Structures are given as C-alpha cells and as structure tokens.
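We count residues from 1, following the sequence as given. If you're wondering where the values come from, they're calculated on a predicted model, not measured in any experiment.
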Amino acid sequence: MKPRGSYKLLGNHRARRAPDALAPFGVVPRSQRIVDSLRCELSSGDTVRSVRIRQVFSSPREIFRVELEMPELGYQRTTLLDRDALEELLEIDELRALVDAAGA
C-alpha cells in the first residue's frame, strides 16, 4: 500500500526535463504566431465570407477585434489585436484590399 500523497504526476517526466526545442533564440512571439495564422486564413480568401474589424478600446491602448466567418465550415474566429499587430496583419496590400472589400 502506498503512503498518502505519493502519487505520480501524469505526463512524461523526461519530456518536461528535456531542453526546450523552442529556445529563446528561436522562439517566435505568441502575437507573431497569431498574426501569421490570421494572415494565412485571410490569404485563403475563397473560404472567408466576412471580415470585420472593430475598435474595442481606445485607451490606455488601442485594441481591435478581428472577426472572420466561414459558414461553409461552421467556423467563426474572433481575435483581439493591438494597433501594431493589426498594422502588421494588413501590411500586405492584397489582405488590406480583402478587408476593405469585405467591409464595403
């Protein structure tokens, strides 16, 4: 019989102790991965039916809500971005045109 409180934790202990494959020099910031993911979804424009961008907060920092809707897939994605991330997302002219066309 095991004494109380001596249970093994779930998961692989060796994997937790192994050096992280995403060492600090190779880590892509989370915000960059989110922007890249949104850019990928927007670039496949045949599946995205509507794109809406709305400003949610103006102070202390500008925050925007980006909504993508793909009814064929039963999918809707809502993401909050700051001004810098939104500008980075829309720096490609084709994506900016897609968002402008969807808003009109």
Side-chain angles (χ1 to χ4, degrees):
M1 177 177 215
K2 288 186 178 182
R4 270 176 54 181
S6 64
Y7 300 103
K8 290 185 179 180
L9 296 175
L10 297 175
N12 187 351
H13 297 298
R14 284 185 229 137
R16 276 188 258 148
R17 289 187 202 142
D20 192 4
L22 299 174
F25 57 86
V27 171
V28 177
R30 183 171 189 258
S31 61
Q32 182 63 43
R33 291 192 315 260
I34 291 171
V35 168
D36 290 342
S37 173
L38 281 168
R39 188 178 292 139
C40 180
E41 285 186 6
L42 284 171
S43 64
S44 65
D46 45 318
T47 59
V48 177
R49 286 288 182 214
S50 79
V51 179
R52 291 192 305 183
I53 299 176
R54 297 181 180 193
Q55 185 174 6
V56 180
F57 296 111
S58 60
S59 67
R61 188 173 189 175
E62 285 185 307
I63 302 294
F64 296 88
R65 184 173 74 196
V66 178
E67 298 174 353
L68 304 177
E69 187 174 348
M70 298 176 222
E72 294 86 18
L73 303 175
Y75 176 75
Q76 183 176 4
R77 177 178 180 171
T78 303
T79 306
L80 297 175
L81 298 174
D82 66 349
R83 167 68 73 178
D84 296 334
L86 181 64
E87 288 177 358
E88 184 178 341
L89 175 67
L90 297 176
E91 69 186 7
I92 298 175
D93 292 334
E94 294 89 24
L95 293 181
R96 186 176 294 272
L98 176 68
V99 170
D100 290 341

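- Considering Val51, Leu68, Leu86 in turn, Leu68 is the only one that fulfils the side-chain contact (heavy atoms from CB on, under 4.5 Å) rule with Leu38.
- Rounding to the nearest 0.5 Å places CG of Leu89 at 9.5 Å from CG of Asp36.
- For the side-chain hydrogen bond (donor to acceptor under 3.5 Å, both in side chains) with Glu67, the qualifying choice from Arg54, Gln76, Arg52 is Arg52, the only one to do so.
- Just one of Leu81, Thr79, Thr78 meets the side-chain contact (heavy atoms from CB on, under 4.5 Å) condition when paired with Arg65; it is Thr78.
- Of the inter-residue distances, the one linking Glu62 atom CD with Glu87 atom CD reads 8.5 Å to the nearest 0.5 angstrom.
- By the side-chain hydrogen bond (donor to acceptor under 3.5 Å, both in side chains) test, Asp82 is found to be paired with Arg61, residues two or more places apart in sequence or in another chain being considered.
- Residues meeting the side-chain contact (heavy atoms from CB on, under 4.5 Å) test with Tyr75, sequence neighbours left out: Glu41, Met70, Leu73, Arg77.
- Rounding to the nearest 0.5 angstrom, the gap separating the CD1 atom in Ile53 from the CG atom in Leu90 is 5.0 Å.
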